[in-house]
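What follows is a single structure, written as structure tokens, with notes after it.
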Amino acid sequence: MTIQQNIDNCRFNGKIDSDVIDNIEKLLGINLPRNYRDFIEIYGSGNINGFDFFGAYPNVDYQNGAVLNILWRNMDDRNNYGLNPKLLLIGDATCGDYFCMDTENLNSPIYLWNTSLGNEKISDLEIIATDFNNLIEKIFKEQL
């Protein structure tokens, strides 16, 4: 199941220019996994079947807080909770857990991370989906 097949269960803020995403990557010091970059380019950020996913907004100062702002959310958790800079928080999994990706892994599996974990080894985190598209499919099928 894809986002497009379930668009009635989603809310997004809209398409984002690639130069905005390039700047976010530069400021975070990472390359976004292709499938998540595609999501941001097409949808921006938003809610998928009740789960909030971080991304970008048109015409926003990304270094200041905004609820679904991927740059601010990741920088804040790096500074305040010891988030491993190789991890990229991509969404709110509820109850203090976040969906995240290992930006150095080309396959980009999805993990659960919690602010209480700090700079946890990536190998110690629970893999909950093989990639972003698999996570979306699970959300629509199983409602994690």
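Here, residue 1 is the first one in the sequence, and each next residue gets the next number. Keep in mind the model is a prediction, meaning the values are calculated, not measured.
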Query raised in the report: Hey, are the side chains of Met101 and Asn35 touching, using non-hydrogen atoms and a 4.5 Å cut-off?
Result: yes
Query raised in the report: Quick one: does Phe12's side chain get under 4.5 Å of Ile48's, heavy atoms only?
Result: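 A side-chain contact under 4.5 Å exists here.
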Of all the heavy-atom pairs spanning [X] and [Y], show the shortest one and how long it is.
X	Y	answer
Met75	Leu28	SD-CD2, 3.6 Å
Pro33	Leu88	CD-CD2, 4.3 Å
Leu87	Asn74	O-OD1, 3.9 Å
Ile24	Ala56	CD1-CB, 3.9 Å
Ser18	Arg37	O-NH2, 3.3 Å
Arg78	Ile30	NH2-CG2, 4.1 Å

Query raised in the report: Listed by chain and number, what are the side chain to side chain donor-acceptor pair (under 3.5 Å) partners of Arg34, not counting sequence neighbours?
Result: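 With sequence neighbours excluded, Arg34 shows a side chain to side chain donor-acceptor pair (under 3.5 Å) to Asp38, given in chain and number order.
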Report task. Could you list the residues that satisfy side chain to side chain donor-acceptor pair (under 3.5 Å) with Glu126, not counting sequence neighbours? Result ->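 Side chain to side chain donor-acceptor pair (under 3.5 Å) check on Glu126 returns nothing, list empty.
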Query - Test ring-ring contact (aromatic ring centres under 6.0 Å, His included) applied to Phe132 and Phe53, step by step - result: CA-CA 11 Å; Phe132 179 68; Phe53 281 86; 5.8 Å; yes
To the nearest 0.5 Å, what is the distance between [atom1] on [X] and [atom2] on [Y]?
X	Y	atom1	atom2	result
Leu27	Ile70	CG	CD1	12.0 Å
Ile122	Ile127	CD1	CD1	10.5 Å
Ser45	Ile90	OG	CD1	12.5 Å
Leu135	Glu137	CG	CD	10.0 Å
Glu25	Thr103	CD	OG1	10.0 Å
Tyr43	Lys15	OH	NZ	11.0 Å

Query raised in the report: Does Asp19 come within less than 4.0 Å of Lys26, counting only side-chain N to carboxylate O?
Result: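 Between Lys26 and Asp19 there is no salt bridge, as every charged N stays at least 4.0 Å from the carboxylate O atoms.
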Requested in this report: Apply salt bridge (Lys or Arg N to Asp or Glu O under 4.0 Å) to the pair Arg11 and Asp52, showing each step before the final yes or no.
Outcome: CA-CA 9 Å; Arg11 288 175 302 180; Asp52 289 330; 5.1 Å; no
Requested in this report: Go through the steps for Asp77 and Trp113 under the test side chain to side chain contact (heavy atoms under 4.5 Å, CB included), then give the verdict.
Outcome: CA-CA 11 Å; Asp77 283 21; Trp113 182 81; 3.4 Å; yes
**Report entry** Any pair counted as salt bridge (Lys or Arg N to Asp or Glu O under 4.0 Å), so long as it reaches residues 91-102, sequence neighbours left out
**Finding:**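 Output for this query is empty, none listed.
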Requested in this report: Check the pair Phe140, Cys10 against side chain to side chain contact (heavy atoms under 4.5 Å, CB included), reporting the backbone distance first and the verdict last.
Outcome: CA-CA 11 Å; Phe140 287 126; Cys10 303; 3.8 Å; yes
Requested in this report: Could you give me the CA-CA distance, side-chain angles and deciding distance for Leu71 and Phe54, then say whether side chain to side chain contact (heavy atoms under 4.5 Å, CB included) is met?
Outcome: CA-CA 9 Å; Leu71 176 61; Phe54 312 137; over 6 Å; no
Query raised in the report: Checking Lys138 side chain against Ile128 main chain: does a donor-acceptor pair fall under 3.5 Å?
Result: yes
Query raised in the report: Ignoring hydrogens and geometry, is there a side-chain-to-backbone donor-acceptor pair from Tyr98 to Leu112 under 3.5 Å?
Result: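 Here the side-chain-to-backbone pair does not exist.
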Report task. Report the C-alpha distance between Asp131 and Asn107 in whole Å, list the side-chain angles of each, state the deciding distance to 0.1 Å, and finish with yes or no for side chain to side chain contact (heavy atoms under 4.5 Å, CB included). Result -> CA-CA 7 Å; Asp131 62 18; Asn107 296 321; over 6 Å; no
